[in-house]
Amino acid sequence: MTNQDIIRWLDRIADELRANTHYLTQLDSPIGDADHGTNMNRGFSAVHAKFPTMTAMDIATQLKTVGTTLVSTVGGASGPLYGTAFLRAGGAVASKQELTASDIVAMLEAFLGGIIARGKAQVGEKTMVDALTPALHAAKQELDQGASIADITAKAAAAAEEGMKATIPMLATKGRASYLAERSIGHQDPGATSSWIMLRCLAEVCSDR
Amino acid sequence: MTNQDIIRWLDRIADELRANTHYLTQLDSPIGDADHGTNMNRGFSAVHAKFPTMTAMDIATQLKTVGTTLVSTVGGASGPLYGTAFLRAGGAVASKQELTASDIVAMLEAFLGGIIARGKAQVGEKTMVDALTPALHAAKQELDQGASIADITAKAAAAAEEGMKATIPMLATKGRASYLAERSIGHQDPGATSSWIMLRCLAEVCSDR
Amino acid sequence: MKKLINKVEDVVNDSLAGMGAAHANLLRVDLESQIVVRKNAPVQSKVGILSGGGSGHEPMHGGYVGIGMLDAACPGAIFTSPVPDQMLAATRAVNGQAGVLHIIKNYTGDVLNFEMAAELAELDGIKIESVVTNDDVAVQDSLYTAGRRGVGVTVLLEKIVGGLAETGAPLEQVAALARKVNSHGRSMGMALTACTVPAAGEPTFDLSEDEMEIGIGIHGEPGRRRLKLASAAQITEMLATPIIEDLELKAGEQVLAFVNGMGGTPLIELYIIYDSLNRILTGKNIRIVRNLIGNYITSLEMAGCSITLLRLDDEITRYWDAPVYTPALRWGM
Amino acid sequence: MKKLINKVEDVVNDSLAGMGAAHANLLRVDLESQIVVRKNAPVQSKVGILSGGGSGHEPMHGGYVGIGMLDAACPGAIFTSPVPDQMLAATRAVNGQAGVLHIIKNYTGDVLNFEMAAELAELDGIKIESVVTNDDVAVQDSLYTAGRRGVGVTVLLEKIVGGLAETGAPLEQVAALARKVNSHGRSMGMALTACTVPAAGEPTFDLSEDEMEIGIGIHGEPGRRRLKLASAAQITEMLATPIIEDLELKAGEQVLAFVNGMGGTPLIELYIIYDSLNRILTGKNIRIVRNLIGNYITSLEMAGCSITLLRLDDEITRYWDAPVYTPALRWGM
Ligand SMILES: Nc1ncnc2c1ncn2[C@@H]1O[C@H](COP(=O)(O)OP(=O)(O)O)[C@@H](O)[C@H]1O
Ligand SMILES: Nc1ncnc2c1ncn2[C@@H]1O[C@H](COP(=O)(O)OP(=O)(O)O)[C@@H](O)[C@H]1O
Ligand SMILES: [Mg+2]
Ligand SMILES: [Mg+2]
Ligand SMILES: [Mg+2]
Ligand SMILES: [Mg+2]
């Protein structure tokens, strides 16, 4: 994966988040405050606006730029969480010109690590962590079996989707949905959904290569 | 008509206004402020509560008591208007023990006179005056032809009903409905409707005798 | 109908009881006479300032009773003028031997009831002056109609005249200032939604998702025109232009700009209207030197707003700035 | 969606522009940094008091910037925590070399963004204390959850702490008072209707004509329970009882009672709630010695209310009574 692939990935995320703004906001209505789609779209529109200066950057700088941009434009819970995730992801691939399969897994691990470090959520609390954790496990397993980048990211995305769906029956204990206690049950977590979208975009970019 | 008939008349008005509270308020919604039914019902409930002390009064005192009670409890435009009407009606039948046909017509004339003196409305302005004026004309005509009290009041009520319906196409120039100008057209005036109810009750009491 | 109420017939009383309990330092509520009276009334040798009208316009009028504004308010039933008995009781309660000013919004009911009350008060030997506010440019003025409604200017007038009365000025001067303020102000309002009179139980009119009413009053009534929903900037233009024209405001003049919410519109939107109004006036070189933004003369839970502009001169500005301490308006003390 | 707005994406900016124009004597609005700052900031040697959060809660927080309350506010997008950049810019703008207090409502987003801002400010050498309000008894408190939300107490705390800061008290003392006020206050809210986030374009939840939500926050979210509509007295009981129990209020204690409207509920109804609350507390011999009634921490145009009780002691009462002059709260000057 090159720095051009990273731009392709981010571009795809920006497209998908724009297309899913209303969907994500709708998911955030019954158990949140109806802004997750708007928040994510605002953040990735800002990232998109920086592409002209980003194409020449190395991968780590690109990812860190995404992180700081998200921190500066998203707000809410998702801004610091995804912001920290991208900052740490950038840190994990410092000075790499091209990402190998294991670099990509390391990047995903740092990404999830950033979210956990910031948000202190564990698996089962009905957050982004519930999409990202199984995704990371799947990616690691594929890597151990010597799978291709395309396969690793595809399996990670598939696991994220499963994880996202698994948030539906969960009772939230972190984030806004936790205020609803039992009433949070039966709704899919918006943050887990945006996490899945990011991983799906990654898999798509990697399969296109 | 005796003072007992007056009580019967007032009792019937109180009943009818209670039953028509919602209807009158609904009429007052598109061209007013949705309170005419509530106002009239409040006023005549207060009158009703005074019946125990009123039965022994002479007719003039009864009517004046209605007038002051309406002034003190109705508020809005209809309070001073109907209040003055009943006060003047009482004045017109001073010291009568029983009302003849011509007394009743004099009472109606004073009633209408009170409303015009207070409210300065003329025929055609979409108010109570548009129900009461034809009613008075009809009553006078019947009286001139030597009709019975029952016929006089029945014709007056019928003319009031016509007058009330004739307010529908009128453009209001007095009262709240005037603020709507052209948009007041097509709606029946609530005050003309309550005036008709009062005359209908009078006719019913007179025909029952 | 969804409201925070107990019984429909107790709405005004329960609310007055809450008000009396909350602001006992400023006023007392007499539930029997249905009046709200300044705590230390009557203030000897001070003109008593009295207003009143239907309830449902909160904080008007009870919320303006206190120091430097109203001495008493007579709240009627929802959207219904109070009765002369209330007005007479209030007039007596605030008569400090310097006469009493009745501030009346121009509605047939209010005018007629206050008229009867003034007659009764004068029989008592109390000197009464009456001022009728009629600032609503949505309504054509004519000798042969009920005339313009009294709306937003009433709030400003009560404050300004209350400020002068507090100095001990005589009744004639207080009434003259009241008439001047009324002649210097114009208003116009609009609604995004209707409101529901509790006793009626249903909205006073139906308005679809993409419509608004322009030229409304403060009694939940429809306005002069029903139009397609427009932007805040366009709405502000529709409200401000007739006011500016009717007042014949010229470049260089100074005004007080009052953006009023109808009860159900949040402050964030009122500031958006104020921003537009400020741009319009600045564009004409008319200077907003005082402003008031919020829910001050309302129509229950109606969503919408009204704009009032008041041409300022030194006297009006001085008494606007004078200290006031009431439940709803307070400064300088 | 019926709102007095221009473009959906301009709601916050247009409103801030109106606010800046209206209150230039008290504050300035920096649209680029998206912050509202006290006009004469930084006040040298005074602790800077800063708060912030999503927009849609007006007048909170921008309406509390001025003298004796906040030195700056950072408004985020509607219902969205502001970003660290805003907080950092505001922190710098109000740093009078005595340190800055960050007042944060307990929501994950607000806490995380303020956390990042404080880290950045400390790199600048600015001393920061952070206080997180978490007064909502509707939410179970636990070490393992996001904990209780910060709601009504935030308004009271900003006023009280702002009063102390104005005296030149050091940061530690100001922060200690803030923590005390937070620990002395509890709140609970309810909704009769949902509200519509402009960018979402539709109500955040559906509620039928005979239902209400109990235990809501201030972000248009549903509450803990959906119940059949009840009377004002019953609703007040449902809100007040858990607060009184959680605070362990005893006979003879003194409280500040705060009845807050969610934005679309008219004042007439809030006074009805206050009347019930007064009866409940008086019945328990708990004395309301201060009160606040109105729309102070809102959820756009939502209809509903919240109740906050704050246990008073001499220190808290003194700084509540201290002069304040902001767009939304003003007394003593
Ligand atoms: N402590 C946390 N750790 C991880 N993710 C969290 C945490 N709190 C919230 N989230 C995620 O953030 C999402 C909500 O983001 P968003 O709506 O943008 O912010 P806000 O809740 O501030 O409105 C939730 O769906 C959840 O996945
Ligand atoms: N100047 C007037 N003369 C005669 N009748 C009038 C006048 N103004 C109003 N009305 C009558 O009063 C009725 C409204 O009464 P009501 O709704 O009780 O009072 P309000 O208009 O103060 O709410 C109108 O329907 C009309 O018939
Ligand atoms: Mg959200
Ligand atoms: Mg009416
Ligand atoms: Mg009325
Ligand atoms: Mg949010």
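In what follows, chains carry the letters A, B, and so on, assigned in the order in which the sequence lines appear, proteins first and then strands, with residues in each chain numbered from 1.
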Going by heavy atoms in the side chains, are A/Arg118 and D/Glu115 under 4.5 Å from each other? yes
Answer with side chain, backbone, both or neither: which region of D/Glu213 has an atom nearer than 4.5 Å to a non-hydrogen atom of chain A? side chain
Heavy-atom nearest pair, D/Arg224 first then A/Arg183, reads O-CD, 3.3 Å
dist A/Asp33:CG -> D/Ile218:CD1 (nearest 0.5 Å) comes out at 10.5 Å
Please indicate whether D/Lys2 has more than 12 foreign heavy atoms, meaning atoms of other residues, nucleotides or ligands, lying under 6.0 Å from its NZ. yes
Chi angles and distances behind the side-chain contact (heavy atoms from CB on, under 4.5 Å) call for D/Val83, A/Thr73: CA-CA 6 Å; D/Val83 299; A/Thr73 58; 5.6 Å; no
For D/Ala200 and A/Ala34, the nearest pair of non-hydrogen atoms, with its separation, is CB-O, 4.1 Å
Counting only non-hydrogen atoms closer than 4.5 Å, does D/Arg225 touch chain A with its backbone (N, CA, C, O), its side chain (CB onward), both, or neither? backbone
Chain A contacts, top residue of D/Glu221, D/Met116, D/Glu9 (heavy-atom pairs, under 4.5 Å): D/Met116
Sort A/Thr38 into side chain, backbone, both or neither according to what part of it lies under 4.5 angstrom from a heavy atom of chain D. side chain
Is it the case that over 12 heavy atoms from other parts of the model lie below 6.0 angstrom from the CD atom of A/Gln26? yes
Let's test your reading of the structure: which of D/Pro84, D/Cys195, D/Gly220, D/Ser299 forms the most heavy-atom pairs below 4.5 Å with chain A? D/Pro84
Most heavy-atom pairs under 4.5 Å with chain D, out of A/Gly37, A/Pro80, A/Ala181, A/Gly119, belong to A/Pro80
For D/Ile78, is it the side chain, the backbone, both or neither that has a heavy atom under 4.5 Å from a heavy atom of chain A? backbone
Scanning both residues in full, the closest heavy-atom pair of D/Thr108 with A/Gly175 reads OG1-CA, 3.6 Å
Kindly give the heavy-atom pair with the smallest separation between A/Arg42 and D/Ala77, and that separation in Å. NH1-CB, 3.6 Å
Is it the side chain or the backbone of A/Thr84 that comes within 4.5 Å of chain D heavy atoms, both, or neither? side chain
Would you check if the side chain of D/Asn113 reaches a backbone N or O of A/Gly76 as a donor-acceptor pair within less than 3.5 Å? yes
Out of A/Ala77, A/Ala121, A/Ser72, return the one with the most heavy atom pairs under 4.5 angstrom to chain D. A/Ser72
Which one wins on heavy-atom pair count under 4.5 Å against chain A: D/Thr196, D/Thr204, D/Asp206, D/Ile216? D/Thr204
Indicate the atoms forming the closest heavy-atom contact of D/Thr80 with A/Gly75, along with that distance. CG2-C, 3.8 Å
Between A/Gln122 and chain D, which part of the residue has a heavy atom less than 4.5 Å away: side chain, backbone, both or neither? neither
Which atoms of D/Phe205 approach chain A - backbone, side chain, both or neither, heavy atom under 4.5 Å: neither
Ignoring hydrogens, what is the shortest heavy-atom contact between D/Gly147 and A/Tyr179? Give both atom names and the distance. O-CE2, 3.3 Å
Engaged part of D/Pro222 at the chain A interface, taking heavy atoms whose separation is under 4.5 Å: both
Separation of D/Arg148 CZ from A/Ser178 OG (nearest 0.5 Å): 13.0 Å
